[in-house]
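First the structure, in the form of structure tokens, and then the observations on it.
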Amino acid sequence: MNEKTGAASPGLQRAGAALRHTLRMIGWIGWYVKEVVGENDYQHYVAHLRKHHPEVEPMSRRDFERAKIDRMEADPKSRCC
Amino acid sequence: MGTVELQPPPVEAEHKTRWTPPRVAVWVAIALLGGIAWSVLALGRGEHVNAVWFIFAALSSYAIAYRFYARFIVTKVLRADDKRATPAERMENGLDFTRTDRRVVYGHHFAAIAGAGPLVGPVLAAQMGYLPGTIWIIVGVIFAGAVQDLVVLFFSMRRNGRSLGQMARDEIGPLGGVAALIAVLAIMVIILAVLALVVVNSLAASPWGVFSIAMTIPIALFMGFYLRYLRPGRVSEVSLIGCALLILAIVAGGWVADSALADVFTLDKVTLVWCLIIYGFLASVLPVWMLLAPRDYLSTFMKVGTIALLALGILIAMPATTMPAFTDFAFNGKGPAFAGSMFPFVFITIACGALSGFHALISSGTTPKMVEKERQVKLIGYGGMLTESFVAIMALVAACTIDQGLYFAMNSAAGMTGGTAEGAATFVNGLGLAGVSTTPDALNQAAAAVQEQTLVSRTGGAPTLAIGISEILGAIFGGATAKAFWYHFAIMFEALFILTTVDAGTRVGRFMLQDTLGNVIPKFKDTSWKAGSIIASAVIVAGWGSILLMGVSDPLGGINTLFPLFGIANQLLAAVALAVCVTILCKTGRVRYAWVPGIPLVWDAVVTLTASWQKIFSSEPSIGYWAQHQTYKAAIAAGKTSLGAAKDPDQMEQVVRNTFVQGTLSVIFAVLIIIVLVDAIRRSVSAIRSGRVNDTEHPAEPSRVFAPSGLFATAEEKELQQRWRDYEAARSELAGTGSSPASAGS
């Protein structure tokens, strides 16, 4: 009995570590996708204002996203063939 | 306050490599693997070559080029300096100038450059065998395509993100600048027309395909409203919903094709063209948030997902090629997919996978405004293009693994096959290629397997690739019954991102045109002027729409006459970009490194001008536009009522008209590029003679941030990152603001 649990616990530890690692990877992928599609742009914008222009009140998320997409109106990014 | 001075850590890490024995061993192993893979590809005669050798040859060549050549360019030629602030640091505004994680910029850049080009070109080039295409895709990207993307990105970054057109004007001069601008506009129009033609050819008479691609419009509208009104900015969740709906649309397409509705969605080519023209015009005048932006998200997700799936499929299924290293068409120039011999036509047909001028438009402009540290350009510019080239290799593999008889039946124009399985079988068997034979039954079965009415003369590359993908993915996921699903999945994903390119391209073209017209009629510069934008959009849509209409109704087969024009246009744009790079190196006292963009420039100019020359002056009617033009004109004058693929006087008139337009476009492209090249040489020579350094880049300002430069941070870089975090924390504590900015992950 004792021997059995003794043998299982490093295995459990390894499984736990693997699980943590997998979760971290999934989290990283989630972060990466959001960064690439620009979902985190608003947070970056707010962080930028707080750091460099603390006196300026940031736009609301709704206004920010609206302004961002409307900027594409004047500057559509080209997509390649 | 601020009495306590904190010393910031260094802003760059040591980037000299210590050559330890294990590191040397790894690189020797990579080189050996690459050598073996290339030998298998080059020497395998008459044998089926397994797809993994293509993957090994490509990846080991890329690794060596990236580690050694790209590093040489970044360090010695460009002299990238991490002590110097990038525009994203200097001009950071939280909007377009934003310091962005290098891996994110890489993803962004790749999503912008990857499109249908690298998927379609290699498929067509496969008619000459797998080897010419493989060599050009891999060698071309290493010495030409990736170099162009990298150098343009770097020079644009040093100039605060100036566009290629602006750089051409600044560096070469007004004449070269204007010629470059007109070339960009003309090239844009022809590229949109040919890409749209690929879509039309893959959707014609396919109710399944038409239904699922039509469904992308309501899906995109839904996503647009969701992002605008329901949950602004939640792009990833709405994209997941969109992708799920898209898969549903593909499945539903199968039901529609089996139902009474099938007739409604069975459209001929000309109807499809008009649908596309109306759609393109609306998409370009409607607000971006409604259609263009959500569509772009959808196509980015689908693109990356499908490419990953295909890579996985090839690695698991490990298909063998059926195409030999060379076919007779490599030498006799009589290939049915496109006419002309290996030199120069392989090099212009495989446009995007090896060298794509269009990328220079993306490398200058958006991407350089996001780069955090100068040395990261190697990963973003060079690495991004290597990835694109890898996509091209996978497309080539997919095309080379399908049955050769089917390949040629699909890629020969209807004028040759008669559009029937019997005609196609007779034509393919009559090609006289060793080991290539097919029967009407085999062709009908292949079409039935993917639930299409016919696969004969489905030119354009997309349907062929879709067959390849359906075989590879069908072998792993779902077996033979899933083939129809995977076929339509592939058609849909290609159509989706070609249409995204058409949307965005029409809009970009419209702005370029408005800008150009604005020099004559200032009111056009005001982009909020509705009438102006409608006129400009209509002109651009009419431009590509008329060429598209010409292409679909061309008795000689639109792809085989128009694709070379597309290739020439794209490669000529690359010549403009490389000429700008050479001129900058000459003007900044780096003549001894001018060969880096210079060799690809010379090669590219020789290839494209030779191709243009042949298209204009060749006396062989299948190659020369004017020769074809004269042949048909003479035949009409002689009172003949049919000639070759043209079966009646109307079709003959059409050939005369089409070849006139195509021939004229070839002349215009060639003349524009010669103007740019001559002007660039003039500027370079005078700069070398004067011996003065004439630099137009933004003056150096010291950088005050740190970030790793490669894909993976080295141990030293990680340590430096930690020191910077500690420093930032200590500083904000000193400042006593107490506000902790929301920090991104990683």
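Letters A, B, ... mirror the listed sequences (proteins, then strands); counts begin at 1.
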Query - B:Y229 portion near chain A, given a 4.5 angstrom heavy-atom threshold - result: both

Query raised in the report: Rounded to the nearest 0.5 Å, how far apart are CD of B:E92 and NZ of A:K51?
Result: 8.0 Å

Query raised in the report: By a 4.5 Å heavy-atom criterion (distance strictly below it), what part of A:V33 contacts chain B: side chain, backbone, both, or neither?
Result: side chain

Requested in this report: Provide the closest heavy-atom pair for B:A293 versus A:I69 in the form atom of the first, atom of the second, distance.
Outcome: CB-CD1, 3.7 Å

Requested in this report: Taking all non-hydrogen atoms of both residues into account, name the closest pair between B:L230 and A:R62 and its distance.
Outcome: O-NH2, 3.9 Å

For a quick test of your reading: what N or O donor-acceptor pairs under 3.5 Å do the side chains of residues 54-61 of chain A make, sequence neighbours left out?
{"from": "A:S60", "atom 1": "OG", "to": "A:D63", "atom 2": "N", "distance (Å)": "3.2"}
{"from": "A:S60", "atom 1": "OG", "to": "A:D63", "atom 2": "OD2", "distance (Å)": "3.3"}
{"from": "A:R61", "atom 1": "NE", "to": "A:E65", "atom 2": "OE2", "distance (Å)": "3.2"}
{"from": "A:R61", "atom 1": "NH2", "to": "A:E39", "atom 2": "O", "distance (Å)": "3.1"}
{"from": "A:R61", "atom 1": "NH2", "to": "A:E65", "atom 2": "OE2", "distance (Å)": "3.2"}
{"from": "A:R61", "atom 1": "NH2", "to": "B:G233", "atom 2": "O", "distance (Å)": "3.2"}

Requested in this report: May I ask you to check whether over 12 heavy atoms, not counting those of A:K34, lie within 6.0 Å of atom NZ?
Outcome: no

Requested in this report: Please identify each residue that fulfils side chain to side chain donor-acceptor pair (under 3.5 Å) with B:S284, with sequence neighbours left out.
Outcome: B:S537

Query - Exercise: identify the closest heavy-atom pair between B:R228 and A:D70 - result: NH1-OD1, 3.3 Å

Query raised in the report: Side chain, backbone, both or neither: which part of A:R24 has a heavy atom under 4.5 Å from chain B?
Result: neither

Query - Close side-chain approach of A:H44 to B:T98, heavy-atom, < 4.5 Å - result: no

Query - Most contacts with chain A, counted as non-hydrogen pairs under 4.5 angstrom, among B:Y297, B:W289, B:F511 - result: B:F511

Requested in this report: Side chain from CB out, backbone as N, CA, C, O: work out which of these in B:L119 comes under 4.5 Å of a heavy atom of chain A, or both, or neither.
Outcome: neither

Query - Side chain / backbone / both / neither for A:Y42 at chain B, heavy atoms under 4.5 Å - result: neither

Report task. Name the member of B:V502, B:T300, B:V288, B:D503 that forms the most heavy-atom pairs with chain A at distances under 4.5 Å. Result -> B:V288

Report task. Determine the minimum heavy-atom distance between A:E35 and B:V104, stating which atoms define it. Result -> CB-CG2, 3.4 Å

